[in-house]
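Notes follow once the structure below has been shown.
Numbering starts at 1 and runs along the sequence shown. Because only heavy atoms are used, hydrogens play no part in the values below, and waters and symmetry mates are left out as well, while side chains stay in.
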Amino acid sequence: MPETAQEVLNMIQDENIELIDLKFVDLFGIWQHCTFHRSLIDEDAFTDGVAFDGSSIRGWKAINASDMAMVPDPKTAWIDPFMEVPTLSMVCSIKEPRTGEWYDRDPRSLAQKAVDYLVSTGIGDTVYCGPEPEFFIFDDVRFGQKEYEGFYHIDSVEGIWNSGASEDGGNLGYKTDHKRGYFPVAPSDTLQDIRSEMLLTMAKCGVPIEKHHHEVASAGQCELGIKFSNLISAGDYVLTYKYIVKNVARKHGKTATFMPKPLFNDNGTGMHTHMSIWKDGQPLFFGDGYADLSQTALYFIGGILKHAPSILAFTNPSANSYKRLVPGFEAPVNLAFSQGNRSASVRIPLSGSNPKAKRFEFRCPDPTSNPYLGFSAMLLAGIDGVKNQIDPGEPLDVDIYELSPEELSKIPSTPGSLEGALEALENDHGFLTDSGVFTEDFIDNWIQYKLDAEVNPLRLRPHPYEFALYYDC
């Protein structure tokens, strides 16, 4: 992969590439793009950027101040595997062309500010993130919403509900029951070849890959394993991951979704995120404390736990996120840490005696998160924990299902809704803004947009299950 602007330009010349596709992320974690002829991309484009109209991007510019510039990062260059015409893809950050400053609502630029802030504190100089996005592959999805009806319909050849269905060529069985989808072999696992193609395609696009497997839910839930990387690259890799998963699925006549809870009564989809801090090439989280954690790591975790309700406004930013985070269903809703308890929101993975592998895993996030914002919020909460020596409390190394209601009531839990997370963010965001990484304008804009576009519209619409509950009242 190229490292510099000149290396990218040489690559364009050597491989006779005619088109360059510049991608950037919007507020909500969705890639946007524009494709340029090679004649428009020169060395200046990598510093000054390429102009575009930002007024049509959700939550960004007003039409009277819409000029913006995409600045490609040469380290993100790869040949797009889904374009018929050979096309070079690059990920961009966004600049204000009038001032030359990075745009304060651009998530990728904001993430770089978070990393720069870490360095400025002297606590560390590198943050590593290891996200684990899960997803579903379905054969058919239909949904609609009108004044007089609302519905969704999902289907998968793996779904247990199809055990009695009449299928082309005959029903061959091998349907996996609910919550039994973890690691079955073929023919129950029908998605081996598709996942292999997804994983190897990601590698060709520069994503460091590890493994792939079927996940717990019965119908098409999957995970592709990618290696940890620095915070900015981790954000880039998550978006590349989602892009490749969706396009490979479509190539095979299937559809992929990162929606946290598309199926009732089965496991939801998360994006567990591992994190560690290093300085001068040395890991800072290994020590002689609980689970071989250093005091710095414990304070960092203390900051995560204290600010978790606010963090979830970015790591779990959809109303559907909270269909997954429900107490009593092995969901990571308990705001505590543990070496082995997966119902705790922070888990300490077993890493033996290797200091470099010592990290924590925040189990709440899901892949509706904009990774740059979610990782940055986690980092800033942890820094606040270290600066203010926030005690994470006692580890939760017990079976929560054996606890009495009185004992359970003493363990704080995650918000029960998107509205609850937004309310927490409104009341607790100094750890995000005091550093200058997030601005008050960014926080206010995020909360208001989420309320207007998601919380309030859902309030106005009856749910299909309400008819079963109340129609005959």
Exercise. Is any side-chain heavy atom of Ile304 closer than 4.5 Å to a side-chain heavy atom of Ile311?
Worked result: yes

For this session: Kindly state whether the ring of Phe52 and the ring of Phe24 have centres lying under 6.0 angstrom apart.
Result: yes

For this session: Report the residues that fulfil ring pair (Phe, Tyr, Trp, His ring centres under 6.0 Å) with His213, sequence neighbours left out, ordered by chain and then residue number.
Result: Tyr182, Phe183

Exercise. Residues in side chain to side chain contact (heavy atoms under 4.5 Å, CB included) with Glu3, at least two apart?
Worked result: Glu7, Lys75

Exercise. Given side chains that start at C-beta, do those of Met378 and Phe362 come closer than 4.5 Å, heavy atoms only?
Worked result: yes

Problem set entry | With sequence neighbours excluded, residues passing ring pair (Phe, Tyr, Trp, His ring centres under 6.0 Å) with Phe337 | Tyr290

Problem set entry | Side chain proximity check, Pro349 to Arg359, heavy atoms < 4.5 angstrom | yes

Seminar exercise, completed: Closest non-hydrogen contact found for Leu335 with Ile411 is N-CG2, 4.4 Å

Exercise. If you measure from the Lys or Arg side-chain nitrogens to the Asp or Glu carboxylate oxygens, is any gap between Lys23 and Asp80 under 4.0 Å?
Worked result: yes

Exercise. Which atom pair, heavy atoms only, marks the closest approach of Pro462 to Phe467?
Worked result: CB-CE1, 4.2 Å

Problem set entry | Verdict with supporting geometry, Lys251 and Glu197, salt bridge (Lys or Arg N to Asp or Glu O under 4.0 Å) | CA-CA 11 Å; Lys251 173 184 170 183; Glu197 182 176 341; 2.6 Å; yes

Seminar exercise, completed: So CZ of Arg363 and NE2 of His272: to nearest 0.5 Å the spacing works out to 4.0 Å

Seminar exercise, completed: Rounding to 0.5 Å, atoms SG (Cys129) and NE2 (His274) come to a distance of 11.0 Å

Exercise. Minimum heavy-atom separation for Thr315 to Ser369, with atom names?
Worked result: O-CB, 3.4 Å

Problem set entry | Steps toward side chain to side chain contact (heavy atoms under 4.5 Å, CB included) verdict (Phe258, Lys246) | CA-CA 9 Å; Phe258 290 85; Lys246 291 177 182 179; 4.0 Å; yes

Exercise. Aromatic ring centroids of Tyr103 and Trp60 under 6.0 Å?
Worked result: yes

Seminar exercise, completed: Applying ring pair (Phe, Tyr, Trp, His ring centres under 6.0 Å) to Tyr322 and not counting sequence neighbours gives none

Exercise. Taking the six-membered ring for Trp, are Phe438 and Phe314 parallel (under 30°), tilted (30 to 60°) or perpendicular (over 60°)?
Worked result: tilted

For this session: Please report the C-alpha distance between Leu293 and Lys358 in whole Å, then the side-chain angles of each, then the deciding distance to 0.1 Å, and finally whether the side chain to side chain contact (heavy atoms under 4.5 Å, CB included) criterion is met.
Result: CA-CA 7 Å; Leu293 291 170; Lys358 184 55 62 178; 3.7 Å; yes

For this session: Quick one: do Gln112 and Asp116 satisfy side chain to side chain donor-acceptor pair (under 3.5 Å)? Show the steps, please.
Result: CA-CA 6 Å; Gln112 185 59 59; Asp116 293 343; 3.0 Å; yes

For this session: Report the residues that fulfil ring pair (Phe, Tyr, Trp, His ring centres under 6.0 Å) with Trp278, sequence neighbours left out, ordered by chain and then residue number.
Result: Tyr128

Exercise. Under a 4.5 Å cut-off applied to non-hydrogen side-chain atoms, are Asn267 and Glu215 in contact?
Worked result: no

Exercise. Taking 4.0 angstrom as the limit, do Glu210 and Lys227 come out as a salt bridge?
Worked result: no

Exercise. Using 4.0 Å as the upper bound for N to carboxylate O, is an ion pair formed by Asp106 and Lys95?
Worked result: no

Problem set entry | Side chains of Asn456 and Arg459, donor plus acceptor under 3.5 Å | yes

Exercise. Do the side chain of Thr87 and the main chain of Met83 share a donor and acceptor less than 3.5 angstrom apart?
Worked result: no

Exercise. Do Tyr465 and Phe264 touch side chain to side chain, with heavy atoms closer than 4.5 Å?
Worked result: no

Exercise. When you measure from the side chain of Asn334 to the backbone N and O of Ser343, does any donor-acceptor pair fall under 3.5 Å?
Worked result: yes

Problem set entry | Atom of Ser435, atom of Leu380 and distance for their closest heavy-atom approach | OG-CD2, 3.9 Å

Exercise. Should we count CZ of Phe151 as having more than 12 external heavy atoms under 6.0 Å?
Worked result: yes

Problem set entry | Residues that Thr439 engages under side chain to side chain contact (heavy atoms under 4.5 Å, CB included), provided they are two or more places apart | Asp104, Asp441, Phe442

Problem set entry | His307 vs Asp428, side chain to side chain donor-acceptor pair (under 3.5 Å): CA-CA, chis, key distance, verdict | CA-CA 7 Å; His307 298 299; Asp428 174 32; 2.8 Å; yes

Exercise. Among side-chain atoms of Asp236 and Ser233, is any donor-acceptor pair under 3.5 angstrom?
Worked result: no

Exercise. Would you say Phe300 and Ile390 make side-chain contact, with heavy atoms under 4.5 Å?
Worked result: no

Exercise. Got a second to check how far Leu224's CG is from His212's NE2, nearest 0.5 Å?
Worked result: 7.5 Å

Exercise. Does Asn320 use its side chain to pair, donor to acceptor, with the backbone of Pro262 at less than 3.5 Å?
Worked result: no

Problem set entry | Heavy-atom side-chain contact between Phe46 and Asp73 under 4.5 Å | no

Exercise. Can Glu167 and Asn162 be said to form a side chain to side chain contact (heavy atoms under 4.5 Å, CB included), step by step?
Worked result: CA-CA 9 Å; Glu167 297 179 342; Asn162 279 321; 3.8 Å; yes

Exercise. Are any of the side-chain nitrogens in Asp452 or Lys450 under 4.0 Å away from the carboxylate oxygens of its partner?
Worked result: no

Exercise. Would Asp266 and Ser218 count as a side chain to side chain donor-acceptor pair (under 3.5 Å) if you check the C-alpha gap in whole Å, the side-chain angles of each, and the deciding distance to 0.1 Å?
Worked result: CA-CA 7 Å; Asp266 214 333; Ser218 64; 3.1 Å; yes

Problem set entry | Atom pair CG (Leu325) and OG (Ser345), whose distance is rounded to the nearest 0.5 Å | 10.0 Å

Exercise. Of Thr176, Ile137, Thr269, Leu191, which is the lone residue that meets side chain to side chain contact (heavy atoms under 4.5 Å, CB included) with Gln221?
Worked result: Thr269

Exercise. Which value, rounded to the nearest 0.5 Å, describes the distance between Phe136 atom CZ and Lys254 atom NZ?
Worked result: 14.5 Å

Exercise. Would the number of heavy atoms belonging to other residues, nucleotides or ligands and lying under 6.0 Å from NZ of Lys211 be above 12?
Worked result: yes

Problem set entry | Minimum heavy-atom distance Ile301-Pro392, with the two atoms named | CG2-CB, 4.1 Å

Problem set entry | Between OG on residue Ser89 and CH2 on residue Trp78, distance to nearest 0.5 Å | 3.5 Å

Problem set entry | From CA spacing to verdict: side chain to side chain donor-acceptor pair (under 3.5 Å), His178, Asn265 | CA-CA 8 Å; His178 295 295; Asn265 207 30; 5.1 Å; no

Exercise. Would you say the side-chain atoms of Ser321 and Asp366 include a donor-acceptor pair closer than 3.5 Å?
Worked result: yes

For this session: Write down the atom of Ser318, the atom of Pro260, and the distance for their closest heavy-atom approach.
Result: OG-CG, 4.1 Å

For this session: For side chain to side chain contact (heavy atoms under 4.5 Å, CB included), just list the numbers for His214 and Glu158, CA-CA rounded to whole Å, side-chain angles, deciding distance to a tenth of an Å, and then say yes or no.
Result: CA-CA 11 Å; His214 204 289; Glu158 293 186 350; 2.7 Å; yes

Problem set entry | Any Leu231 side-chain heavy atom under 4.5 Å of Ser376 side chain | yes

